[in-house]
Amino acid sequence: MPKPDFPKTYDFQSIEQELYAWWERNGWFRPTNDPNEPGHDPSRKPFVISIPPPNVTGELHLGHAMFVSVEDLLIRYHRMKGEPTLWVPGSDHAGIATQLQVEKMLLREKGVTREELGREKFLEYCWAWKDKYGNIIYDQLRRLGASCDWSRVRFTLDDGLSEAVREAFVRLYRKGLIYRGVRLINWSPGLKTAVSDLEVEYSEEPATLYYFKYPLKDSDEYLPVATTRPETILGDTAVAVHPEDPRYRRFIGRTALVPILNREIPVIADEAVDREFGTGALKITPGHDFTDYEIGARHKLPIISVLDREAKVTAAGGPYQGLDRFEARERYWADLKAAGLVIKEQPYTRNTPRSQRGGEIIEPMVSEQWFVKIKPLAEAAIAAVRDGRIRIVPERFEKVYFNWLENIKDWCISRQLWWGHRIPVWYRVGADGRPDYAEQFCAHTEAEAYEQARAKHGPDVKLEQDPDVLDTWFSSGLWPFSTLGWPHATADLRYFYPTSVMETGYDILFFWVARMIMLGLEFTGEVPFHTVYLHGLVRDEYGRKMSKTIGNVVDPRWIIGGVKGEDIAKSGTSDEVAKKYPNGIAALGTDALRFTLLTSGTPGNDLNLSLERVESNRNFANKIWNIARFIVTNLPADFTRDARQLAANHGQPSAFSGLSLPDRWLLSRLHQVIAEVTRFLDNYEFGQAGNLAYEFLWSDFADWYVETSKITLQGSDEAAKARVRNLLVHVLDQTLRLLHPFVPFITEAVWQKLPRLPGDPPALIIAPWPQAGPVDAEALADFEHLRALVRGIRNIRAEKRVEVTKRIPAIIVAGEKAGWLRHQSAIISALAKIDDSRLMIVEHLNDKPKNAVALVEGATEVYLPLEGMVDLNAERARLEKELAALSAQIAKSEGLLASNFVNKAPAPVVERERAKLAAARESRAKVEARLREL
RNA sequence: GGGCGAUUAGCUCAGCUGGUUAGAGCGCCUCACUCACAUUGAGGAGGUCAUAGGUUCGAGUCCUAUAUCGCCCACCA
């Protein structure tokens with residue numbers, strides 16, 4: 001990297017992209033100890049993450065920014081810890097979602113439907129779409145700083161993964177865990193495909209509960225029945241009542257007539273009927289309702305499908321054939337009314353099932369589909385978490401996970417789509433030219449299927465492949481191992497599997513995580529990862545979900561690179577944002593966004609993103625830049641780092657001896673912070689880790705140490721200057737390392753400008769993670785005292801409105817602390833703006849200045865003789881207030897120490913309380929003495 | 001109907017295994033642009049930690065209810 005001079009502000013726009021390219025070019029995203037390279041050492045344990053593959057639908061949203069922030073943090077942290085680290089990138093074909101996008105695009109741009117194009121041609125468009133948006137997404141991941149190994153990038157429909165999918169299918173099929181069957185499934189009439197239970201979302205919507213009379217055969221009597229979907233009456237095959245319902249018991253066993261159609265159906269008794277609801281009598285439509293399907297099965301009722309693939313009434317609906325389901329509802333109800341069978345209509349809130357993707361109302365339908373027999377897989381997956389082979393963070397999601405798996409139903413995996421993995425089953429084509437679904441040949445390839453078929457039926461057999469494709473989550477379920485080469489025993493698979501952490505949003509715990517665990521255990525015999533870390537969803541600053549309808553969608557690229565007001569408006573998704581930022585959003589940089597996402601929330605909880613917060617973190621990046629600018633521009637041309645000085649300090653605490661108080665304090669703080677940040681990261685508490693490093697850099701390092709260092713740097717003691725410079729560079733170096741996983745760009749950019757130690761790597765991204773060292777407790781306490789004195793003086797100055805630049809005299813009476821405090825007089829005068837020549841630091845003082853403002857800090861007294869500014873009455877009042885506060889504190893402490901506290905509380909806690917009391921008493925004595933003097 | 005989460009400063013949120021005077025950012029008030037940074041520095045105001053009980057020497061933190069908001073799961077027609 002060239003070493004340019006240090007501009008005043010950090011220009012992240014150009015630097016971020018430059019640095020990323022440089023890292024990638026140097027191969028630092030690739031794992032060290034790559035099993036495909038010579039010199040590979042199998043004994044070193046790798047750290048591996050498989051990326052949650054983004055859908056190739058072309059939208060980068062804040063959810064992506066979230067997972068990249070967390071995963072890249074983990075990857076960079078472990079890389080710096082020296083572990084062979086691999087992050088496998090990739091993308092997901094996302095069956096329904098992508099097919100819908102492509103269909104929409106084709107209709108818009110070419111005015112054709114997929115049916116008009118035909119399967120092959122349509123798939124060509126899908127692939128073109130994938131190439132375009134897949135690449136956009138990869139670019140965006142790079143922009144976010146994702147340090148993944150691009151040489152291993154995978155796509156769920158590429159050859160290798162397709163092979164994995166076929167292998168998985170064939171194995172499950174042969175094991176009897178995949179079957180084709182006629183079941184009641186969730187049908188999406190808009191998408192014209194089956195969907196799984198998980199792809200159905202329920203929303204409470206206003207509806208109508210229709211009450212009507214179910215006529216009985218050969219009778220004037222009727223059974224009152226209520227329904228929300230009158231059109232399904234056409235498919236009724238029974239009417240059910242509760243066996244013990246006195247109102248209806250006498251009807252059981254009689255025959256009812258489907259209104260209008262006059263089809264004869266039995267009146268049955270079933271425990272599942274809720275006597276309280278509606279009329280207490282239930283119409284049974286096994287063909288279009290899940291409860292009814294079960295009841296029907298119990299009573300061996302026939303199943304009638306009255307709706308077809310497009311939710312239009314079938315021939316079974318008699319005169320209503322061909323009508324759309326909602327049209328049929330109206331017409332049929334009108335006819336019931338005309339027939340005098342209507343009782344009433346009542347407004348009702350219905351939990352309406354809707355398609356997750358298409359949004360239209362799901363219709364339960366009887367259909368022949370492929371299913372995975374899931375119970376055996378689920379049991380293994382439950383055990384893996386139960387016995388700790390997999391840990392879920394945060395832990396509460398384990399309960400959710402168990403609950404879902406314990407009540408799981410077979411997984412419908414066939415989709416009537418074109419974009420996806422075609423089901424590897426071929427059917428024998430019969431004499432009539434139609435496939436015989438009973439004659440199934442499940443194989444990896446068509447050739448293999450033919451081989452099987454010929455062995456059974458002779459050489460002339462004709463086959464036809466199942467037209468359906470697999471649920472997109474079937475292939476994602478294999479992701480952690482399919483991306484490493486499975487089913488082949490590749491070097492990657494052997495070395496990098498099982499992966500380490502699966503990091504993703506809690507919203508896909510069932511869709512994806514649970515299925516990876518089930519399929520991973522089934523096919524590899526091992527858990528696919530040892531830890532699941534679930535992050536929350538990114539919401540707007542008021543906690544609302546980001547949605548086009550609200551108009552509060554924030555595109556992460558706007559935050560990173562800035563955006564003009566008119567472009568926000570043009571997006572069509574963000575009217576509210578456009579209104580709030582008519583002049584657009586200033587570029588804040590990737591680091592600022594990442595740091596915000598990592599520190600504004602807690603694991604598993606949703607995060608409300610506010611741009612103000614990102615802005616303040618942009619300021620933090622600027623702070624990092626400028627503290628470095630100060631340090632680097634203060635180094636002489638011939639500066640070299642002194643490793644020996646610092647190496648010595650990593651030994652015993654006494655090794656701090658050659659250093660000044662601020663030096664010892666800073667190093668001690670640094671060592672504390674290193675230990676804490678490391679601990680927090682190991683516990684997946686990224687927010688706390690980041691905030692701690694932030695506080696250290698800004699409040700300790702910049703605000704205090706750098707300020708005190710200026711005194712030495714402006715002085716003439718060359719040895720002291722060298723020592724301070726060495727320390728400044730060292731602490732900055734270490735802090736940059738701590739911050740690198742959070743804000744990789746700024747830290748690398750700055751680190752490149754620092755002088756190196758021999759043996760340092762060429763880049764921060766591969767620099768070793770800092771080691772915690774000794775902590776000098778005395779230095780911590782002394783510097784804290786010094787800080788308190790300076791703050792106290794500043795406080796009084798501000799209160800008394802002393803001009804900021806005015807140097808004032810001060811007398812500090814410090815008892816035994818006077819000795820060391822005297823050595824810090826330069827710091828006190830510089831930071832509290834005291835006149836050097838009139839600063840007295842003494843053990844005792846008999847004649848205390850009367851005309852002065854007094855400050856008591858622990859056992860130390862400070863007197864500021866502010867001529868003409870001291871109002872004795874005000875001074876007395878101020879001290880009285882101080883006295884009252886101290887007395888209250890003392891009373892509280894005394895009470896505590898006189899209680900059972902001393903027996904029950906741990907010794908250090910009691911000790912701390914005693915020390916606190918002693919200090920407060922001392923302070924009070926001083927304040928009282930001062931009051932007497934006045 | 002079950003389950004989960006949240007409720008802490010004006011706003012958005014931290015607060016790890018219970019232990020000093022409950023913190024941060026933004027916003028607000030006072031002051032300061034000469035030497036890293038006004039994307040700054042110094043000082044300040046602001047909180048009965050949703051409510052009621054309980055456990056404990058000690059509760060924002062643990063337990064039990066309640067309220068409000070949000071989410072997930074479930075076949076109430």
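Small disclaimer: the values here were computed from a predicted structure and weren't measured. Computed from heavy atoms alone, side chains included, the values below leave out hydrogens, waters and symmetry copies.
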pair Pro636(A)-Arg725(A): side-chain heavy atoms closer than 4.5 Å: yes
Heavy-atom nearest nucleotide on RNA chain B taken for Asp540(A) and for Asn634(A); more 5' hit belongs to Asp540(A)
- request: Determine the interatomic distance between P on A65(B) and the same-named atom on A74(B); round to the nearest Å.
  value: 25 Å
In whole angstroms, the gap separating P of G19(B) from CG of Leu897(A) amounts to 18 Å
Exercise. Would you say Thr602(A) reaches A14(B)'s phosphate, i.e. side-chain N/O to OP1/OP2 under 4.0 Å?
Worked result: yes
When the C1' atoms of U7(B) and A32(B) are compared, how many Å lie between them, rounded to an integer? 40 Å
>> Heavy atoms only, 4.0 Å cut-off, all strands: where does Ser610(A) land among base, sugar-phosphate and nothing?
In response: nothing
Are any of the side-chain heavy atoms of Arg878(A) and Val853(A) separated by less than 4.5 Å?
yes
Rounded to whole Å, the CH2-C1' distance (Trp704(A) to A36(B)) equals 18 Å
- Could you measure between the two C1' atoms, the one in A9(B) and the one in G15(B), and give it in whole Å? 14 Å
Output field dot_bracket for RNA chain B (Watson-Crick or G-U, both distances under 3.5 Å, | for other-strand pairs) contains (((((((..((((.....[...)))).(((((.......))))).....(((((..]....))))))))))))....
Give Pro906(A) one of three labels, base, sugar-phosphate or nothing, depending on what nucleic acid heavy atoms sit under 4.0 Å from its own. base
Heavy-atom nearest nucleotide on RNA chain B taken for Lys904(A) and for Thr279(A); more 5' hit belongs to Lys904(A)
query: When the P atoms of U21(B) and G25(B) are considered, how many whole Å apart are they?
result: 22 Å
Interatomic distance at P, C35(B) relative to U30(B), whole Å = 24 Å
Margin query: Classify Arg613(A) by what it touches in the nucleic acid, base, sugar-phosphate, or nothing, heavy-atom distance under 4.0 Å.
Written below: base
Leu635(A) atom CG is separated from A36(B) atom P, nearest whole Å, by 13 Å
Worksheet item: Between Tyr694(A) and Trp698(A), what is the ring plane arrangement, given parallel below 30°, perpendicular above 60°, and tilted in between?
Response: tilted
ask   = With sugar-phosphate meaning primed atoms plus P, OP1 and OP2, does Ala702(A) contact a base, only sugar-phosphate, or nothing at under 4.0 Å between heavy atoms?
value = base
Check: NA contact type, Arg797(A), heavy-atom cut-off 4.0 Å: base, sugar-phosphate, or nothing?
Finding: nothing
Q | Rounded P spacing from U68(B) to U51(B) in Å | A | 16 Å
Run the salt-bridge test on Asp197(A) and Lys409(A) with the 4.0 Å N-O cut-off and return the result as yes or no.
no
With heavy atoms under 4.0 Å as the rule, sort Asp274(A) into base, sugar-phosphate or nothing. base
What I want to check is whether the side chains of Asn619(A) and Asn622(A) have a donor and an acceptor closer together than 3.5 Å. no
Distances under 3.5 Å only, N/O to N/O: pair up the protein atoms with those of nucleotides 69-75 of chain B.
from, atom 1, to, atom 2, distance (Å)
A74(B), N6, Asn351(A), ND2, 3.2
C75(B), OP1, Lys409(A), NZ, 3.2
C75(B), O2', Thr291(A), OG1, 2.6
C75(B), O2, Thr291(A), OG1, 3.3

Checklist entry - Looking for any heavy atom pair under 4.0 Å, which part of the strands does Arg229(A) touch: base, sugar-phosphate only, or nothing? => result nothing
Here the distance between atom C1' of G5(B) and atom NZ of Lys399(A), to the nearest Å, is 12 Å
Say you pick atom C1' in G2(B) and the same atom in A45(B); how far apart are they, in whole Å?
47 Å
From the list Lys283(A), Arg325(A), Arg329(A), Glu363(A), side-chain hydrogen bond (donor to acceptor under 3.5 Å, both in side chains) partner of Thr232(A) resolves to Lys283(A)
Here the distance between atom C1' of G19(B) and atom CG of Leu917(A), to the nearest Å, is 16 Å
If only side-chain N and O atoms of Trp698(A) are considered, is one of them under 4.0 Å from the OP1 or OP2 phosphate oxygen of A24(B)?
no
What's touching nucleotides 37-39 of chain B from the protein side, N or O pairs under 3.5 Å?
from, atom 1, to, atom 2, distance (Å)
C37(B), O4', Asn626(A), OD1, 2.9
C37(B), O2', Asn622(A), OD1, 3.2
C37(B), O2, Lys623(A), NZ, 3.0
C37(B), N3, Lys623(A), NZ, 2.9
U39(B), O4', Asn619(A), OD1, 3.1
U39(B), O2', Asn622(A), OD1, 2.9
U39(B), O2, Arg618(A), NE, 3.1

Worksheet item: Could Asp289(A) and Arg229(A) be called an ion pair, given the rule that one side-chain N must be under 4.0 Å from one carboxylate O?
Response: yes
So does Lys916(A) get a side-chain nitrogen or oxygen closer than 4.0 Å to the phosphate oxygens (OP1/OP2) of U21(B)? yes
| request: Report yes if the side chains of Gln688(A) and Arg679(A) come closer than 4.5 Å at any heavy-atom pair, otherwise no. | output: no
Rounded distance in Å between the P positions of G58(B) and A14(B): 30 Å
*Minimum side-chain heavy-atom gap Lys833(A)-Arg794(A) below 4.5 Å*: no
Checking G25(B), C26(B), C57(B) against the side chain of Glu612(A) (C-beta onward), the nearest is C26(B)
Q) So what does Phe686(A) hit on the nucleic acid, given a heavy-atom distance under 4.0 Å: a base, only sugar-phosphate, or nothing? A) nothing
Check: Reckon Val225(A) touches a base, only the sugar-phosphate, or nothing at all at heavy-atom distances under 4.0 Å?
Finding: nothing
